[in-house]
Amino acid sequence: MAAISQFIALLLLALLLSVADVCNGGITSKYTRKPEASVDMPVEAFPPPPGFNAPEQVHITQGDRHGRGIIISWVTPRSPHPNVVRYWAEDSDENQKQKAHSRITTYKYYNYTSGFIHHATIDELEYDTKYFYELGSGNTKRGFSFRTPPKPGPDVPYTFGIIGDLGQTYDSNKTFEHYFTNPKGQAVLFVGDLSYADNHPYHDNRKWDTWARFVEKSTAYQPWIWTAGNHEMDFAPEIGENTPFKPYTHRYHVPYKTSQSSSPLWYSIKRASAYIIVLSSYSAYGTYTPQYQWLENEFLKVKRDETPWLIVMLHSPWYNSYDYHYMEGESMRVMFESWFVQNKVDLVLSGHVHAYERSERVSNVRYNITNGLSTPIRDVNAPIYITVGDGGNIEGLANRFTEPQPSYSAYREASFGHAMLEIKNRTHAYYTWHRNEDHEPVAADSLWIYNRYWFPQDEASSQ
């Protein structure tokens, strides 16, 4: 009897080993989303607020390095005034309102002329404090609020939403509402491709206005940390538009100068226990370019005893096992991946591919044309790469995979959704991805993530 049991055990072990031998990667979800086209919502779905020249398209982002500053942005469609934001802390009285004036910009794009775009930077706010603010005057006055983050520190908990490639379709609305009803999110890490105006004739810039109205009920109350994607370029020499990123850089200001960056397309911030680096996939990044030199210096500034979680945002993924945009991020990976490994980056967030994927901790820094070693391998010092280009935009879903699933791919699914990153302390963070079709508490993919600096264990061996 014992011999039979031993034989069965050996047979099962052999079977498991044979399965492991032919399995190339992780999980390809069997969930099948209905393949309807993603259709833009009508302009009527995004009405401006009532009243003449009422402030609209309100959005906020961090305004400094450490989290005590905020950039408040809005548009007045008819007149540049009033250009004042009034603000006060929750525990102060009406007589303690302060005010800041905005800087105003406008732009023209082909046959479109923007409204008056306001950006007001407020500094020296108190950490972890709720503030109220007002825009406009009289019957067009509008009120909002936000909470500043806690002071940067190694064990400060904080929760980020992660969204990419959103657009303004009915699917976009499902993604946005799904995130909006999640009470945990305190700020959004947005990995690029906002309005998709360039998918319309002459890069219809009215789509920039409708998109900003669409997301205002979140962007006016919690900061969205912006990354520029390919749909922000708006480079169209065939209609005389030769300045890349013109609408985006006029509308969305970021605190790039506080991190000594020379461009708003790459910058960094500290927020709670996270150090966040934003890069531009569509700007020069070769040796000795401004972005290259800035990033080389930036890693020297990271202090993991203050901000243990090191997160990089960029648009075009470096590890991607879909047929869409395959290998487009390869040249940037070759330039920077060794830096990411040396500096123990925890997470790299990207979009561009309109689906979801999470990688193992792998690197391909062995690549060398003289040794022929060009296969990614497990690397405990490497980041996890997460692709969330699944916001629901008009271009639709990426639903073709490369087969077999490569070893670096831990989980992939052709669905729309959003992700959440709940930083607990210096060692642990809980990551979840939520497909649109599920209720908010349901996570289609989840993982306890261990910090590379303070707790560099392999998550795959501990789940």
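Note that these values count all heavy atoms, side chains included, but never hydrogens, waters or copies made by symmetry.
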(request) To the nearest 0.5 Å, tell me how far Asp193 CG sits from Asn230 CG. (result) 4.5 Å
(message) Any salt bridge linking Asp40 with Lys207? Criterion: basic side-chain nitrogen under 4.0 Å from a carboxylate oxygen.
(response) yes
(request) Go through the steps to decide whether Arg452 and Asn381 satisfy the test side chain to side chain contact (heavy atoms under 4.5 Å, CB included), and finish with yes or no. (result) CA-CA 6 Å; Arg452 291 304 87 196; Asn381 293 312; 5.9 Å; no
(message) Whether the side chain of Ser446 engages the backbone of Ala443 through a donor-acceptor N/O pair (distance < 3.5 Å, no angle test) should be reported.
(response) no
(request) Classify the angle between the aromatic ring planes of Tyr411 and Trp433 as parallel (below 30°), tilted (30 to 60°) or perpendicular (above 60°). (result) tilted
(message) Please enumerate all residues that pass ring pair (Phe, Tyr, Trp, His ring centres under 6.0 Å) together with Tyr109, with sequence neighbours excluded.
(response) His203
(request) Indicate yes or no for a side-chain donor-acceptor contact from Gln57 to the backbone of Ala212 under 3.5 Å, with no hydrogens or angles considered. (result) no
(message) Walk me through whether Asp165 and His315 qualify under side chain to side chain contact (heavy atoms under 4.5 Å, CB included).
(response) CA-CA 9 Å; Asp165 298 67; His315 187 65; 3.5 Å; yes
(request) Could you check whether the rings of Phe340 and Phe299 sit parallel, tilted or perpendicular, using 30° and 60° as the cut-offs? (result) perpendicular
(request) Check the angle between the aromatic planes of His59 and His119 and answer parallel, tilted or perpendicular using the 30° and 60° thresholds. (result) perpendicular
(request) State, without any angle test, whether Gln168 and Ser172 hold a side-chain donor-acceptor pair at a distance under 3.5 Å. (result) no
(message) So does Asp155 get a backbone contact from the side chain of Asn425, meaning a donor-acceptor N/O pair under 3.5 Å?
(response) no
(message) Does Lys217, at its NZ atom, have more than 12 non-hydrogen atoms belonging to other residues, nucleotides or ligands within less than 6.0 Å?
(response) yes
(request) Please check if atom NZ in Lys424 has more than 12 non-hydrogen atoms from other residues, nucleotides or ligands closer than 6.0 Å. (result) yes
(request) Please confirm whether the backbone N or O of Ile27 pairs with a side-chain atom of Glu413, one donor and one acceptor, at under 3.5 Å? (result) no
(request) Output, in order, the C-alpha distance, side-chain angles, deciding distance and verdict of side chain to side chain contact (heavy atoms under 4.5 Å, CB included) for Asp458 and Arg378. (result) CA-CA 9 Å; Asp458 188 345; Arg378 186 174 293 278; 3.1 Å; yes
(request) Kindly indicate whether the side chain of Ile384, heavy atoms from C-beta on, has any atom under 4.5 Å from the side chain of Asp346. (result) no
(message) Between Arg412 and Thr387, is the side-chain hydrogen bond (donor to acceptor under 3.5 Å, both in side chains) condition met? List the steps.
(response) CA-CA 9 Å; Arg412 58 185 186 178; Thr387 299; over 6 Å; no
(message) For the backbone of Tyr450 and the side chain of Gln457, can you confirm whether one donor and one acceptor N or O come within less than 3.5 Å of each other?
(response) no
(message) Going by the rule ring pair (Phe, Tyr, Trp, His ring centres under 6.0 Å), which residues pair with Phe235 if we only count those two or more places apart in sequence or in a different chain?
(response) none
(request) Identify, with sequence neighbours excluded, every residue that meets salt bridge (charged side-chain N to carboxylate O under 4.0 Å, His left out) alongside Asp204. (result) Arg206
(request) Might you confirm whether atom OH of Tyr292 has over 12 heavy atoms from other residues, nucleotides or ligands at distances under 6.0 Å? (result) yes
(message) Below 30° counts as parallel, above 60° as perpendicular, anything between as tilted: where do the rings of His352 and His325 land?
(response) parallel
(message) Quick check against the 3.5 Å criterion: does Glu360 have a side-chain atom that pairs as donor or acceptor with the backbone of Tyr408?
(response) no
(request) Please identify each residue that fulfils salt bridge (charged side-chain N to carboxylate O under 4.0 Å, His left out) with Arg271, with sequence neighbours left out. (result) none
(request) Decide side-chain hydrogen bond (donor to acceptor under 3.5 Å, both in side chains) for Tyr267 and Gln260; before the verdict, give the C-alpha distance in whole Å, the side-chain angles of both, and the deciding distance to 0.1 Å. (result) CA-CA 8 Å; Tyr267 62 100; Gln260 286 79 54; over 6 Å; no
(request) Check whether any side-chain heavy atom of Leu314 lies under 4.5 Å from a side-chain heavy atom of Val348, and answer yes or no. (result) yes
(message) Using the rule given for side-chain hydrogen bond (donor to acceptor under 3.5 Å, both in side chains), can you reason through Thr28 versus Gln405, listing the C-alpha separation, both sets of side-chain angles and the distance that settles it, and then say yes or no?
(response) CA-CA 8 Å; Thr28 297; Gln405 185 173 5; 2.7 Å; yes
(message) Tell me if the aromatic rings of Tyr158 and Phe160 count as close, with their centers under 6.0 Å from one another.
(response) yes
(message) Would you call the rings of Tyr112 and Tyr107 parallel, tilted or perpendicular, taking 30° and 60° as the class edges?
(response) tilted
(message) Looking at Thr402 and Ser321, would you say the former's side chain and the latter's main chain have a donor-acceptor pair under 3.5 Å?
(response) yes
(message) Just verifying a value: how many Å separate Tyr453 OH and Thr427 OG1, rounded to the nearest 0.5 Å?
(response) 14.0 Å
(message) Can you tell me how far apart CD (Gln291) and CD (Glu296) are? Round to the nearest 0.5 Å.
(response) 13.0 Å
(message) Please tell me whether Asp64 and Thr258 have a donor and an acceptor in their side chains that are separated by less than 3.5 angstrom.
(response) no
(message) Would you compute the distance between atom OG of Ser114 and atom CZ of Arg251 and round it to the nearest 0.5 angstrom?
(response) 6.5 Å
(request) Look at the rings of His428 and Trp448 and say which category their plane angle falls in: under 30° parallel, 30 to 60° tilted, over 60° perpendicular. (result) perpendicular
(message) For the backbone of Trp266 and the side chain of Ser261, can you confirm whether one donor and one acceptor N or O come within less than 3.5 Å of each other?
(response) yes
(request) Would you check if the distance from the ring center of Tyr202 to the ring center of Tyr110 is below 6.0 Å? (result) yes
(request) Output, in order, the C-alpha distance, side-chain angles, deciding distance and verdict of side chain to side chain contact (heavy atoms under 4.5 Å, CB included) for Ile276 and Leu189. (result) CA-CA 9 Å; Ile276 299 164; Leu189 304 177; 3.8 Å; yes
(message) Checking Glu395 against Ser38: is there a side-chain donor and acceptor pair closer than 3.5 Å?
(response) no
(request) Output the distance between atom CD (Gln293) and atom OG (Ser262), rounded to the nearest 0.5 Å. (result) 9.0 Å
(request) Using only heavy-atom distances, determine whether the side chains of Glu306 and His66 contain a donor-acceptor pair under 3.5 Å. (result) no
(request) Check ring pair (Phe, Tyr, Trp, His ring centres under 6.0 Å) between Trp309 and all other residues, then give those that pass, not counting sequence neighbours. (result) none
(request) Describe, in one word, how the ring planes of Trp224 and Phe176 are oriented to each other, choosing from parallel (under 30°), tilted (30 to 60°) and perpendicular (over 60°). (result) tilted
(request) From the options Asp390, Asn399, Asn393, select the one residue that forms a side-chain hydrogen bond (donor to acceptor under 3.5 Å, both in side chains) with His354. (result) Asn393
(request) Return yes when atom NZ of Lys301 has more than 12 non-hydrogen atoms of other residues, nucleotides or ligands closer than 6.0 Å, and no otherwise. (result) yes
(message) Under a 3.5 Å distance rule, please check whether Lys246 uses its side chain to pair with a backbone N or O of Lys108 as donor and acceptor.
(response) yes
(message) Let me confirm one number: the OH-CE distance from Tyr285 to Met332, rounded to the nearest 0.5 Å.
(response) 6.0 Å
(message) Using a 6.0 Å distance limit plus a 45 degree cone around the ring axis, check whether Arg400 lies over the aromatic ring of Tyr322.
(response) no
(message) Checking His418 now: which residues fulfil ring pair (Phe, Tyr, Trp, His ring centres under 6.0 Å) with it, not counting sequence neighbours?
(response) His178, Tyr179, His434
(request) Just do the side-chain hydrogen bond (donor to acceptor under 3.5 Å, both in side chains) check on Tyr275 and Glu298 with the steps written out, would you? (result) CA-CA 11 Å; Tyr275 196 107; Glu298 191 63 21; 2.4 Å; yes
